[in-house]
Amino acid sequence: QVQLVESGGGLAQPGGSLRLSCAASGNIYNIGVMRWYRQAPGKQREFVASINHPVDTNYAGPVKGGFTISSDNAKRTVDLQMNDLRPHDTAVYYCTVVAFVRTLLSWNDSWGQGTQVTVSS
């Protein structure tokens, strides 16, 4: 019903930057909160940041000050600007979107397939 496509992952050096993007499509009537999660090897998936368009944002403690989440509801996209990356930021990053689905007449939480971010020198 809702498809999410993430892009922008890759390899960065410590102290470097990457920008992740996530585009939502499908039978969407309205979009609610959009979030980024990440899962490092051998660890549980953890919350990174969320945004309830346009300015209601929340960040996990470890990324505060370094990561910035933004969204464009008209384009149905959510981005994550990651600055000052460190090796411990290495993980698969997932976007999630809570959207009101026309065909289901309900709010649903959809997940993307994930994009790999590796921080290494």
Side-chain angles (χ1 to χ4, degrees):
Q1 303 291 345
V2 177
Q3 294 80 43
L4 301 179
V5 178
E6 296 130 333
S7 60
L11 176 65
Q13 292 192 340
S17 298
L18 284 174
R19 187 177 183 89
L20 305 182
S21 294
C22 175
S25 62
N27 294 308
I28 299 170
Y29 179 76
N30 199 6
I31 288 181
V33 64
M34 307 173 91
R35 304 182 181 97
W36 286 94
Y37 282 77
R38 67 184 181 186
Q39 187 166 19
K43 295 189 176 181
Q44 290 193 339
R45 193 170 296 185
E46 64 176 4
F47 169 78
V48 176
S50 67
I51 184 168
N52 208 346
H53 187 82
V55 295
D56 183 13
T57 59
N58 284 287
Y59 297 92
V63 308
K64 272 185 183 177
F67 290 13
T68 302
I69 189 170
S70 60
S71 67
D72 186 329
N73 269 23
K75 296 181 180 178
R76 296 175 177 175
T77 59
V78 57
D79 293 347
L80 185 69
Q81 176 67 41
M82 305 185 294
N83 297 328
D84 194 23
L85 285 163
R86 300 296 171 185
H88 63 251
D89 294 315
T90 296
V92 177
Y93 284 71
Y94 299 88
C95 75
T96 85
V97 174
V98 175
F100 192 91
V101 181
R102 284 193 180 94
T103 50
L104 299 177
L105 295 178
S106 65
W107 290 92
N108 287 266
D109 192 0
S110 300
W111 287 71
Q113 80 286 355
T115 184
Q116 177 70 46
V117 170
T118 302
V119 184
S120 174
S121 56

Quick one: are [X] and [Y] in side-chain contact, heavy atoms under 4.5 Å?
X	Y	result
Asn52	Met34	no
Tyr94	Gln39	yes
Val97	Leu4	yes

Task: Shortest non-hydrogen contact between Arg38 and Ala91, atoms and distance - done: CB-CB, 3.8 Å
- [ ] Check Ala49 against Leu80 and note the closest heavy-atom contact, atom names and distance.
- [x] CB-CD1, 4.3 Å
Using a 3.5 Å distance criterion without hydrogens, assess whether the side chain of [X] forms a donor-acceptor pair with backbone atoms of [Y].
X	Y	answer
Glu6	Cys95	yes
Tyr59	Ile69	yes
Arg76	Ile28	yes

Open item on the list: Centre-to-centre under 6.0 Å for Tyr37 and Trp111, is that the case here?
Closed with: yes
Task: Partner of Ser120 by side-chain contact (heavy atoms from CB on, under 4.5 Å), out of Thr90, Leu11, Leu85 - done: Leu11
Task: With Gln3 via side-chain contact (heavy atoms from CB on, under 4.5 Å) - residues at least two apart - done: Ser25
Open item on the list: Just to verify, what does Leu104 make a side-chain contact (heavy atoms from CB on, under 4.5 Å) with, not counting sequence neighbours?
Closed with: Gln1, Val101, Ser106, Asn108
- [ ] Any chance you could measure Cys22, atom SG, to Asp79, atom CG, to the nearest 0.5 Å?
- [x] 9.0 Å
